[in-house]
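For reference, the structure discussed in these notes is given below.
Convention: sequence-line order gives letters A, B, ...; per-chain numbering from 1. The structure presented is a predicted model; accordingly, all values stated were derived computationally and were not measured.
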2 protein chains.
Amino acid sequence: MASHGARGRSGGRPTLEEVAARAGVGRGTVSRVINGSPRVSDATRAAVEAAVAELGYVPNTAARALAANRTDAIALVVPEPETRFFNEPYFSDMLKGVGSELSDTEMQLLLIFAGSDRERQRLAQYLAAHRVDGVLLVSVHADDPLPDLLTQLEIPAVISGPRSATETLASVDSDNYGGARSAVEHLLSRGRGRIAHITGRLDVYGAQRRVDGYRDALRDAGHAADDRLIEAGDFTEEGGRRAMAELLHRCPDVDAVFAASDVTAAGARQVLREKGRRIPDDVALVGYDDSAIARHMDPPLTSVRQPIEEMGRAMIDLLLTEIADRRPAASRGLERHQAVLATELVERASS
Amino acid sequence: MASHGARGRSGGRPTLEEVAARAGVGRGTVSRVINGSPRVSDATRAAVEAAVAELGYVPNTAARALAANRTDAIALVVPEPETRFFNEPYFSDMLKGVGSELSDTEMQLLLIFAGSDRERQRLAQYLAAHRVDGVLLVSVHADDPLPDLLTQLEIPAVISGPRSATETLASVDSDNYGGARSAVEHLLSRGRGRIAHITGRLDVYGAQRRVDGYRDALRDAGHAADDRLIEAGDFTEEGGRRAMAELLHRCPDVDAVFAASDVTAAGARQVLREKGRRIPDDVALVGYDDSAIARHMDPPLTSVRQPIEEMGRAMIDLLLTEIADRRPAASRGLERHQAVLATELVERASS
DNA sequence: AGGTAGTGTGGGAGCGCTCCCACAAGTGAT
DNA sequence: ATCACTTGTGGGAGCGCTCCCACACTACCT
């Protein structure tokens with residue numbers, strides 16, 4: 001608090017007013033030029049731009065934010081501890097997409113971790129202060145209060161992976177249904193007839209959609225529905241082991257398994273090996289995520305790839321639109337904004 | 001730009017003025033309470049705090065920034081592409097330290113990548129706009145213009161790893177000299193007598209200091225200086241190979257090598273193996289950084305660990321001090337602010 | 001009684017912008 | 001010549017805060 005007057009009369013940064021004086025125009029005109037308004041004559045624009053260059057003028061963000069009630073910043077909120085963030089390529093890819101899409105914008109990206117309760121507290125404060133124009137929410141759990149907080153604060157937000165079919169927030173998702181279908185169709189084309197599915201946590205919407213895709217692919221191929229081939233997992237390796245053991249016991253004749261995640265597939269693989277089933281000879285295996293695990297598995301795992309980087313880009317697109325027509329989310333009614341991106345089956349030796 | 005008037009008369013966020021009215025005091029008094037000034041009577045303070053709570057008042061950051069000429073935000077600038085950031089645990093550890101030290105502050109941390117030219121451009125704009133109160137600079141190269149830009153803009157900054165002994169910016173470093181000494185002393189205590197050193201890039205200050213530590217440790221142990229035991233490397237694996245080959249050729253009797261980085265040590269190890277030297281039986285090996293490489297090497301590599309997380313904390317401490325007594329860096333004269341943290345030798349099977 | 005501090009408080013001025021109204025000047029129809 | 005637009009421009013008002021000066025009030029000295 002000591003020396004408030006550090007901004008010396010002379011050494012201080014130039015203001016709009018000074019630029020205006022220099023260019024021999026009014027304050028409003030300079031503002032228009034700065035903000036790219038078309039209602040400025042070419043001559044005036046040139047004069048102003050010259051003055052800006054000469055003075056090295058840079059707009060004062062705080063003043064702009066105060067007057068215009070916007071911050072030109074958006075936050076990428078990661079409700080996870082830093083560690084996970086660094087260890088999962090998901091985030092790195094996402095960040096790359098987000099960054100690239102943002103790079104021809106004036107928007108600034110803030111990275112905010114909210115893993116601990118303390119950090120969440122701070123985040124809530126931060127959002128309440130409206131220090132960002134919008135929020136990108138990745139990897140939210142079903143019971144997370146954050147989305148509702150954002151709605152309540154009327155802060156534009158985009159969520160990656162809708163929480164349900166009736167998600168109210170704008171969302172970006174990969175085509176879980178289509179991804180599952182392509183995995184199953186692939187197995188069918190390889191001549192497999194008894195294809196099992198180890199699901200993800202069924203309280204996760206995406207996991208549901210994968211089950212739907214699995215079911216429909218089989219049905220459309222003329223297979224009779226057989227729920228004994230479906231066993232619930234939870235995205236974990238242990239869950240994969242458990243489910244695989246159960247499946248083998250229940251349907252010893254399975255000749256293929258579609259797992260809802262690579263990690264789950266890894267668990268399943270382990271049990272298959274123990275029971276003497278060869279992959280892919282006896283049982284073909286397909287995972288989901290195309291993670292490092294898939295590439296390094298023995299044999300390498302066929303897996304469904306999600307276009308994470310592209311999803312990041314799509315999230316920014318949606319968010320910028322939301323911000324542009326800054327209608328409170330609640331009043332938007334049914335016209336929900338969402339994007340669903342195609343997945344890609346990466347074929348490897350496991351199938 | 002369409003609807004500026006989104007802040008409705010009633011639904012808008014409460015202002016200082018409204019809190020003041022509610023508490024029956026003046027604007028200045030509320031400001032004092034908010035900012036924790038001691039010159040407020042207990043009764044008044046209580047009344048104001050009640051009003052704040054009732055109204056759910058949250059200060060408007062933009063207004064505060066404009067009036068007080070500060071942003072309450074600092075940036076962690078990473079002059080690397082995202083990829084490196086995610087793959088090196090260095091950054092993750094650093095971030096952890098920084099985050100924890102910042103968590104009982106009002107300061108907000110921004111993570112800014114400046115790997116590409118384009119991103120650097122944006123960063124320069126960002127800094128010129130003084131959108132942060134201070135900057136943490138990690139992993140700067142010797143010829144990076146960023147530090148000078150910061151000095152010129154009079155933005156408080158702390159650099160990790162000073163560029164030279166006369167670094168003008170505040171800096172945090174690990175004790176390269178002491179780390180090198182401990183490595184050499186360790187080798188001496190293991191009975192090694194012909195200890196070689198593969199240096200880092202000698203235009204990096206820290207690498208110089210490691211050479212100094214190596215030299216002094218030997219001298220203090222009564223060994224005659226022998227520069228043939230020193231070979232220049234460049235922190236890379238290839239450099240390590242090259243240097244090791246040269247050393248073996250020049251001094252076939254070496255019985256220990258202290259490498260300036262784990263990666264360099266990995267290169268050296270490769271050549272030692274090729275030449276039939278056993279580690280540690282024939283030649284002991286010590287690296288620097290205690291990275292994943294060290295743990296996974298065969299045999300596991302003894303290495304000097306730097307307290308990265310602690311360094312992050314120290315950087316924040318320094319930066320906050322710099323910001324607090326916001327005297328332009330130039331006027332600080334000789335009283336340079338710097339911290340040097342102790343290293344730790346992690347002993348493994350390679351020595 | 002008259003000083004001389006110190007303590008708590010109110011509110012003016014001003015931070016640098018954006019928004020918008022007012023208005024001048026030009027253009028073309030009537 | 002008049003009216004009605006359109007286009008470009010200047011500048012007032014106001015965003016919500018912090019800083020600081022002014023002032024009232026107390027307390028304790030001369």
Side-chain angles (χ1 to χ4, degrees), chain A residues 1-9 12-48 52 55 57-72 106 128-131 133, chain B residues 1-9 12-21 23-48 52 55 57-72 106 128-131 133 326:
Chain A
M1 307 291 113
S3 74
H4 159 241
R7 56 193 141 176
R9 219 59 1 250
R13 296 162 50 198
T15 69
L16 246 206
E17 197 91 45
E18 287 165 31
V19 174
R22 176 110 184 189
V25 300
R27 206 171 3 84
T29 303
V30 177
S31 175
R32 271 177 289 253
V33 172
I34 299 291
N35 293 292
S37 158
R39 330 193 114 282
V40 181
S41 71
D42 290 347
T44 310
R45 164 167 287 115
V48 171
V52 165
L55 262 39
Y57 171 75
V58 178
N60 179 320
T61 343
R64 174 176 282 177
L66 179 59
N69 201 28
R70 63 193 161 88
T71 64
D72 291 327
E106 293 285 77
H130 285 259
R131 292 188 66 169
D133 292 341
Chain B
M1 309 289 115
S3 73
H4 158 243
R7 57 194 141 175
R9 222 44 20 239
R13 296 162 51 196
T15 70
L16 246 206
E17 198 92 44
E18 287 165 28
V19 175
V25 300
R27 208 174 357 91
T29 303
V30 177
S31 176
R32 270 176 290 252
V33 172
I34 299 291
N35 293 292
S37 158
R39 329 193 114 282
V40 181
S41 70
D42 289 349
T44 310
R45 165 166 285 116
V48 171
V52 166
L55 263 38
Y57 171 75
V58 179
N60 179 318
T61 342
R64 174 177 282 176
L66 178 58
N69 203 28
R70 65 194 159 85
T71 64
D72 291 327
E106 293 285 76
H130 284 259
R131 292 187 67 165
D133 291 341
R326 200 186 295 230

Taking [atom1] from [X] and [atom2] from [N], how many angstroms apart are they, rounded to a whole number?
X	N	atom1	atom2	value
B:Ile34	D:dC19	CD1	C1'	16 Å
B:Glu17	D:dC17	CD	C1'	10 Å
A:Arg32	C:dC19	CZ	P	11 Å
A:Asp42	D:dT7	CG	C1'	13 Å
B:Leu66	C:dG16	CG	C1'	6 Å
B:Asp72	D:dT18	CG	C1'	12 Å

Which nucleotide in the set [options] lies at the smallest distance from any side-chain heavy atom of [X]?
X	options	value
B:Ala67	C:dT18, C:dT9, D:dG16	D:dG16
A:Leu16	D:dC17, D:dT9, C:dC17	C:dC17
B:Ala68	D:dC19, D:dC20, C:dC17	D:dC19
A:Ala63	C:dG11, C:dT7, C:dC17	C:dC17
B:Thr15	D:dT18, C:dT18, D:dG16	D:dG16

To the nearest 0.5 Å, what is the distance between CZ on B:Arg70 and OG1 on B:Thr61?
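Reported value, rounded in 0.5 Å steps: 10.5 Å.
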For the CG atom of B:Asn60 and the CG atom of A:Asn69, what is their distance to the nearest 0.5 Å?
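It is 7.5 Å, given to the nearest 0.5 Å.
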Less than 4.5 Å apart, side chain to side chain, heavy atoms only: is that true for B:Asp72 and B:Arg64?
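A side-chain contact exists here, since the closest heavy-atom pair is under 4.5 Å.
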Taking the side chain as C-beta and beyond, is there a heavy-atom pair between B:Arg27 and B:Val30 under 4.5 Å?
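Not in contact.
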Any [X] side-chain nitrogen or oxygen under 4.0 Å from OP1 or OP2 of [N]:
X	N	result
B:Asn60	D:dC15	no
A:Thr29	D:dG10	yes
A:Asn69	C:dT18	no
B:Ser31	D:dC17	no

Please work out if B:Arg64 contacts a base, only the sugar-phosphate, or nothing of the nucleic acid, heavy-atom cut-off 4.0 Å.
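B:Arg64: backbone/sugar contact only, no base atoms under 4.0 Å.
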Can you check whether any acceptor in the base of [N] is under 3.5 Å from a donor in the side chain of [X], or vice versa?
X	N	result
B:Arg39	C:dT9	no
A:Arg13	C:dG16	no
B:Arg27	C:dG12	yes

With DNA chain C as reference, determine whether A:Tyr57 or B:Ser41 sits nearer its 5' end, using the nearest nucleotide of each.
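Nearest nucleotide further toward 5': that of B:Ser41.
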Nearest heavy-atom neighbours spanning B:Ala128 and A:Arg13:
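What the structure gives for the nearest pair is O-NE, 3.8 Å.
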